[in-house]
Amino acid sequence: MVQRLVELARCPECGSPHVVRDEDMGEFVCNECGLVIREDMLNRSPEWRAFTLEEERAKRRTGPPTDYARYDKGLPTTMWITHDAFGQPLSSKTRHQMWRLRRWQIRSGIYGKSRNLLKAMNMIQRLSEKLHIPPSVKKTAAIFYRRALDKDLVRGRSIASVATAALYAACRLTETPRNLAEIAEASLRDKKEIASGYRLLVRRLRIKMPIHDPLHYLTKIAEKLRIPGDVLGLAIKILNEAKKERITIGKDPRGVAAAVLYIACQLNEKEVTQQRIAETVNITEVTIRNRKKELMRKLNI
DNA sequence: AAGACGAAAGTGGTTGA
DNA sequence: TCAACAACTTTCGTCTT
């Protein structure tokens with residue numbers, strides 16, 4: 001099936017000129033931000049062409065080409081996509097994903113929520129591509145969204161915000177390092193909106209989020225700044241002490257990790273500035289200083 | 001000149017009434 | 001739902017190396 005793409009005016013959301021008309025899906029989609037501009041556009045033209053009467057008779061099927069009242073608007077067939085928006089053939093991996101999405105769509109199609117789900121899946125798909133989120137995490141997000149839909153949590157909220165929140169929750173659960181700011185920015189939605197959606201999902205779906213261990217960040221920073229193993233070893237020792245003294249609870253694990261590593265570097269006379277550590281984990285030097293002060297005091301260093 | 005330190009004011013999230 | 005609260009950030013002046 002050939003996709004016909006027609007350039008439109010600028011996207012009302014992000015101002016991007018890359019707004020594309022996707023006739024097969026019956027949608028206008030912004031290639032920059034993934035905004036679906038007119039999702040209920042109806043393609044009334046026949047999906048086939050005939051040049052002779054015989055041809056027309058041969059190609060015509062029963063009923064009108066598309067029917068808006070049908071639950072799926074013929075979507076199970078239109079989801080058979082073999083080329084991307086630029087006319088390039090899809091990779092086998094993406095084709096496989098599309099195939100799964102299609103099969104899944106056919107299965108759920110008889111239910112009233114299918115359209116909602118399809119839109120959400122599109123949203124999650126676009127966001128995942130934009131943020132380079134691995135397929136396994138994306139799958140988790142999809143499952144979260146489905147469960148949210150089952151529990152009627154989407155009612156009264158926008159599909160986009162819940163879908164984005166589901167993706168964020170999936171990232172948190174799988175410890176995929178994407179923060180709220182990045183995801184909110186990619187979805188072009190308010191951080192608050194995503195955050196409240198996230199909390200709703202965690203609460204109502206009873207998702208058990210892993211507690212972020214400073215150790216996780218410790219090794220990460222050490223690797224990035226090429227901290228030698230013995231210094232890292234010392235840092236881990238200090239961290240374990242801190243855990244015993246219960247200094248780490250309720251604090252930003254990144255701050256604790258950063259401070260512990262900084263102390264270890266100083267004790268080993270390894271020159272690393274607070275600033276360098278701070279920027280690798282996206283916190284401020286002040287936080288490192290505060291944590292450091294507390295650690296030094298309570299651990300008698 | 002760069003890095004460290006800390007005070008003060010502001011922000012966003014959590015908690016408990 | 002709202003106010004209080006702790007943690008964290010931003011900003012900025014000062015001190016040290």
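Below, read A as the first sequence line, B as the second, and so on, with proteins coming before strands; counting in each chain starts at 1. Keep in mind the model is a prediction, meaning the values are calculated, not measured. Note: hydrogens, waters and symmetry copies are ignored here, and every other heavy atom, side chains too, is used.
Listed by chain and number, the residues in a ring-ring contact (aromatic ring centres under 6.0 Å, His included) with A/Y198 are A/Y168 (sequence neighbours excluded). For the side-chain hydrogen bond (donor to acceptor under 3.5 Å, both in side chains) test, residues two or more places apart in sequence or in another chain that qualify with A/S161 are A/S158.
Contacts between residues 162-169 of chain A and DNA chain C, defined by a heavy-atom separation below 4.0 Å, involve no residue at all. DNA chain C is contacted by no residue of residues 294-301 of chain A, taking any non-hydrogen atom closer than 4.0 Å. Of the residues in residues 255-279 of chain A, not one places a heavy atom less than 4.0 Å from an atom of DNA chain C.
In the hydrophobic cluster analysis, where Ile, Leu, Val, Met, Phe, Trp and Tyr join through side-chain heavy atoms closer than 4.5 angstrom, A/V260 is grouped together with A/I301. Following chains of ILVMFWY side-chain contacts shorter than 4.5 Å, one cannot reach A/I159 starting from A/I143, and the two form parts of different hydrophobic clusters.
Using a 4.0 Å cutoff to heavy atoms of chain A, the contacted part of DNA chain B runs 5' to 3' from B/dG3 to B/dT14.
Listed by first and then second residue, the salt bridge (charged side-chain N to carboxylate O under 4.0 Å, His left out) pairs involving residues 269-280 of chain A amount to none (not counting sequence neighbours). Residue pairs that meet the salt bridge (charged side-chain N to carboxylate O under 4.0 Å, His left out) test with at least one member in residues 155-168 of chain A, sequence neighbours left out, are A/D152-A/R155. Residues in residues 250-268 of chain A take part in these salt bridge (charged side-chain N to carboxylate O under 4.0 Å, His left out) pairs, two or more places apart or across chains: A/K251-A/E294, A/D252-A/R254.
The closest donor-acceptor contact from the side chain of A/K138 to the backbone of A/S128 lies at 3.5 Å or more, if one exists at all. Distance alone, capped at 3.5 Å, places no donor-acceptor pair between the A/R204 side chain and the A/L153 backbone.
Taking 4.5 Å as the limit, every side-chain heavy atom of A/I221 sits out of range of all side-chain heavy atoms of A/I227. At a threshold of 4.5 Å between non-hydrogen side-chain atoms, the residues A/N116 and A/Y145 count as touching. Considering only heavy atoms from C-beta on, A/Y262 stays 4.5 Å or farther from A/R291 through its side chain. With a 4.5 Å cut-off on side-chain heavy atoms, A/V272 and A/L261 do not count as touching. By the 4.5 Å heavy-atom criterion applied to side chains, A/C171 and A/I183 are counted as neighbours. Considering only heavy atoms from C-beta on, A/T248 comes within 4.5 Å of A/L239 through its side chain. Here the side chains of A/D213 and A/K243 are in contact, with some heavy-atom distance below 4.5 Å.
Shortest non-hydrogen contact noted between A/A258 and A/I277 is CB-CG2, 3.5 Å. Summarising the geometry of A/A141 relative to A/A170, their closest heavy-atom pair is N-CB, 3.6 Å, with the distance given to 0.1 Å. For the residue pair A/G197 and A/A165, the shortest heavy atom distance occurs at C-CB, 3.6 Å.
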Q) What is the per-nucleotide protein-contact pattern of nucleotides 12-17 of chain C, from the 5' end, where B denotes a base atom under 4.0 Å from a protein heavy atom, S denotes such proximity for sugar-phosphate atoms only, and - denotes neither? A) ------
Q. What does nucleotides 2-7 of chain C look like as a protein-contact string, B for base, S for sugar-phosphate only, - for none, at under 4.0 angstrom between heavy atoms?
A. -----S
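The pair A/K220-A/E223 does not count as a salt bridge, with every side-chain nitrogen at least 4.0 angstrom from each carboxylate oxygen.
Base-pairing analysis of DNA chain C finds the following stems of at least three consecutive Watson-Crick or G-U pairs, with both pairing distances under 3.5 Å: B:1-11 with C:7-17, B:13-17 with C:1-5.
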